[in-house]
Structures are given as structure tokens and as C-alpha cells.
Amino acid sequence: MTLEEAKRQIRPLDTQAMEAAVAHWNSIAKPLHSLGKLEDFVVQLAGITGTPNVKIEKRALVAMCADNGVVEEGVTQSGQEVTAIVAENFLKAETTACIMAKKCGADVYPVDVGMASDTKVRTDLKVAHGTKNMAKMPAMTREEAVKAIEAGICMVEELQKEGYQILATGEMGIGNTTTSSAVASVLMEEPVETMTGRGAGLSSEGLVRKIQVIKDAITLHKPDKNDAIDVLAKVGGFDIAGMAGVFLGGAALKIPVIMDGFISCVAALVAVSICPEASGYILASHVSKEPAARLILEHLQKEAVIHGDMCLGEGTGAIALLPLLDLGISVYHSMSTFEEIHVEQYEELK
């Protein structure tokens, strides 16, 4: 499916299914709305899938792996070789996200959408061997940005055919907090200083350098804030584009997709900038410790339920939401109704 085809398929959520889910929640023998956001998530899932019979039994984490040429500017503590090492560790189930995913019954699918070197991770959706150094030239061409987005859409198509019912987004790519800060700063028209954090442990001196590199790249390339693909191409990364494609593919194929932390949230920001109706198909998991994360969630009008100061990436925060969703769905499907226990149902009081 192309990007344009995906955009044409995206529709508003199914309000009838959502109303049916709300009615069922209200019939369950407990105080109204007492499970809060857990109830809201189930209602949203009903609207996404088009049925109040909500199920997320088969789930997967899609981890987009890519390298960023901007690491040449000394904006990271680690070198690009770490991207390849961690990406292969996804295949060995040796990353933090993999351990968490196994506990939550989720399969993990790493994708090389643009790593500098080839590894054992699938490369059939690879766009290029890393982006260019955005401090000197655009990170990628517009055509490459679209191709990376379509790689994410392709992954959703594949997983839908295999029966997956919910997807979590994750990434691996040294330097991607730099590209994410740049993209978010432009799309949200916020100062670079506000949108930029230390990433994986930069020193204060490194943070100052990182901010200046982003500022200079934006000044040099003048990305169009009204054109998310232009922003991606000039100061973004393949991993961000790939995850944006997963969000858009999920919306087109009616599969819920969970945001992870800062970088994943930026990808969601890109997806919603491309197609605003995709927003309803996206679930927020946690508030990342990265300084811009809360601002992006507010901009997207998403409210995360986990406040744990997490900032690892890989999809760890998105995976952490699954047990909460399971708990809510379990009550939704299993608990007796007021009618079944012969007790008068609660009423909405004003």
C-alpha cells in the first residue's frame, strides 16, 4: 500500500461501536467510570476495530532501526556501531524491550529501514545506509522519506495478514533524539532548546553542541512546517519515518498502534500532521523523561497513563501499556452486569 492509498483509507472511528462499549461498561456491576483511563482505552479500541467485542490477544512490537549521519557532529555519547549491535540483539531476544515483550506475550519484529551497515535484521525494506549529515545537507530526499513511511505501512499490512490485533512502536538508532528534536521543533514551532534533551547521557557541553547543531540545520535547510514530509526529509530520520508509517498503516487497516516515548511520539506527530484522522487510532503509553515528550502529548491531545520517568526507547513504554490494557479488557468481558446480579444499575447524576 502506498502512502496516498493509506491516507485515502483512513476514516473516523466507529462511533456506534464506541457507544456500545460505553453502554457495556455502564452495565457492569461497579461504580460508573471507576476504572478511568482503562475504560477509555477499551472504548477507543472498539472505535478503532469497529466492534465492541474488543480483543488484543495477538500483539507485536515493530522496532524500526536506522542510523543518522548527524552523529558526525558529536551529538551522541555512542557511535553508530551500537545501532547494529542492539538491532541484532532484538533477533536474539536480548534487549530490554524483548524481555518485557516476552512477559507481555508480544512478538518482536526489528526492521532495518536505514542502518549504516547490513546485519541479520531484515533489509528488504531498507531505504539507504543511514541518512546524510543534516548539519551539511538534507538528511534524505523527499522520495526516500516517502519510501521509509511506506516501509512502516508495509509492516502493518504484513502483520495484519498474520492476525495481529495491536502493534507497539519502537526504534533503535544512535542520534535519533537529535533528529526527533529537530522535527518536533519545526512542526510544533517551539524553540530548539525546549524540545532538546540529553538523549542517552550527554554532558552539559554536549547538550549545548546538540542544540546548536539542530538550530544550524533548521536555518540551513528551512524545512516547511506545513509539510511534514519536507521536515522529515531535511532534518529527520528513517526510523521516525518508518514509525510514522506504522501509525498511518494502523489507521488505514483499523489496527490500534501504541506510541512509545519521545521518538515514537515525534513519529506520531508526523503521522497526524500528514493525516489528522490517524490520531484516533493511536494510543499513548507513557510520559517519557525527555523534556519535549509532555509537550508533544499535549499537542496531540493524548493523555498517557504511565508516569515512570522512563526514557529507554526500543518500545519499552509501549509494551508496558499492554498489561494495563489486558486488565481493563478482562474486567470489560468477564465481570457480571447489574442485571445479572439483580442490583439496580448506577445512573449518571448531574
Side-chain angles (χ1 to χ4, degrees), residues 1 5-30 32-62 104-107 109 152-153 155-169 245-259 268 271-272 275-285 300-305 318-319 321-340 345-346 348:
M1 187 190 307
E5 288 169 340
K7 287 165 61 178
R8 287 195 292 270
Q9 286 194 34
I10 297 172
R11 297 286 185 272
L13 298 188
D14 188 322
T15 54
Q16 287 188 328
M18 295 172 75
E19 288 168 1
V22 170
H24 182 66
W25 270 125
N26 291 348
S27 74
I28 289 174
K30 65 173 188 58
L32 289 174
H33 318 306
S34 53
L35 285 182
K37 295 300 175 188
L38 298 189
E39 297 188 29
D40 295 341
F41 276 131
V42 173
V43 173
Q44 184 182 0
L45 291 170
I48 291 170
T49 58
T51 173
N53 185 23
V54 175
K55 293 182 180 179
I56 56 166
E57 293 160 2
K58 191 168 184 180
R59 64 277 298 267
L61 166 64
V62 180
C104 298
D107 300 318
Y109 290 90
I153 296 171
M155 281 302 301
V156 179
E157 288 183 291
E158 286 185 19
L159 295 174
Q160 183 207 39
K161 289 174 183 175
E162 293 182 26
Y164 285 92
Q165 298 161 308
I166 190 167
L167 302 177
T169 52
V246 174
F247 289 119
L248 291 168
L253 296 173
K254 302 187 184 306
I255 297 176
V257 182
I258 308 173
M259 288 190 290
V272 172
C275 183
E277 284 188 336
S279 178
Y281 295 82
I282 299 171
L283 283 69
S285 60
L300 292 171
Q301 297 183 312
K302 298 288 181 183
E303 195 168 345
V305 296
I319 288 294
L321 182 66
L322 289 173
L324 292 175
L325 296 179
D326 287 339
L327 291 171
I329 292 170
S330 180
V331 173
Y332 175 80
H333 284 307
S334 303
M335 193 167 176
S336 299
T337 64
F338 287 105
E339 184 178 1
E340 289 168 339
Q345 185 169 330
Y346 280 100
E348 293 275 8

(request) State the CG-CZ distance between L324 and F41, to the nearest 0.5 angstrom. (result) 8.0 Å
(message) Within this structure, what is the CD1-CG distance for the pair I10 and L253, rounded to the nearest 0.5 Å?
(response) 9.0 Å
(message) Does V305 form a side chain to side chain contact (heavy atoms under 4.5 Å, CB included) with L38? I'd like the steps, not just the answer.
(response) CA-CA 9 Å; V305 296; L38 298 189; 5.9 Å; no
(request) Apply side chain to side chain contact (heavy atoms under 4.5 Å, CB included) to the pair R59 and L325, showing each step before the final yes or no. (result) CA-CA 12 Å; R59 64 277 298 267; L325 296 179; over 6 Å; no
(message) Let me confirm one number: the CD1-CG distance from I48 to L13, rounded to the nearest 0.5 Å.
(response) 6.0 Å
(request) For residues A46 and A17, report the shortest heavy-atom separation together with the two atoms involved. (result) O-CB, 3.4 Å
(request) Determine, stepwise, if the pair V331 / V42 fulfils side chain to side chain contact (heavy atoms under 4.5 Å, CB included). (result) CA-CA 10 Å; V331 173; V42 173; over 6 Å; no
(message) Working to the nearest 0.5 angstrom, can you tell me the gap between L248 CG and E277 CD?
(response) 12.0 Å
(request) Over all heavy atoms of both residues, which pair between P323 and C104 is shortest? Give the atoms and the distance, please. (result) CG-SG, 3.6 Å
(request) Would you sort out whether M155 and L167 count as a side chain to side chain contact (heavy atoms under 4.5 Å, CB included), showing the intermediate values? (result) CA-CA 10 Å; M155 281 302 301; L167 302 177; over 6 Å; no
(request) Mind listing the closest non-hydrogen atom pair of L300 and S279 along with its distance? (result) O-OG, 4.1 Å
(request) Kindly indicate whether the side chain of M259, heavy atoms from C-beta on, has any atom under 4.5 Å from the side chain of F247. (result) yes
(message) How long is the straight-line distance from CD1 of I258 back to OG1 of T169, given to the nearest 0.5 Å?
(response) 8.0 Å
(request) Just jot down the side chain to side chain contact (heavy atoms under 4.5 Å, CB included) partners of V22, sequence neighbours excluded, or say none. (result) N26, V43
(request) Over all heavy atoms of both residues, which pair between K302 and Q44 is shortest? Give the atoms and the distance, please. (result) NZ-NE2, 4.0 Å
(request) Any chance you could measure L327, atom CG, to L35, atom CG, to the nearest 0.5 Å? (result) 9.0 Å
(request) State which residues pass ring pair (Phe, Tyr, Trp, His ring centres under 6.0 Å) with Y332; sequence neighbours excluded, sorted by chain then number. (result) H24, W25
(message) How close do E162 and K58 get, counting heavy atoms only, and between which atoms?
(response) O-NZ, 2.6 Å
(request) May I ask you to test the L283-L45 pair for a side-chain heavy-atom distance under 4.5 Å? (result) yes
(request) With sequence neighbours left out, write down each residue that passes side chain to side chain contact (heavy atoms under 4.5 Å, CB included) with D40, or none if nothing qualifies. (result) K37
(message) I'd like to know whether CD of Q16 has more than 12 heavy-atom contacts from other residues, nucleotides or ligands below 6.0 angstrom.
(response) no
(request) Mark yes or no for whether E157, through its side chain, and M1, through its backbone, hold a donor-acceptor pair below 3.5 Å. (result) yes
(message) Looking at E39 and G328, would you say the former's side chain and the latter's main chain have a donor-acceptor pair under 3.5 Å?
(response) no
(request) Side-chain contact test, heavy atoms from C-beta onward, threshold under 4.5 Å: evaluate it for L159 versus I255 and give yes or no. (result) no
(request) Please report the shortest heavy-atom distance between A106 and I319, naming the atom on each side. (result) CB-CD1, 4.0 Å
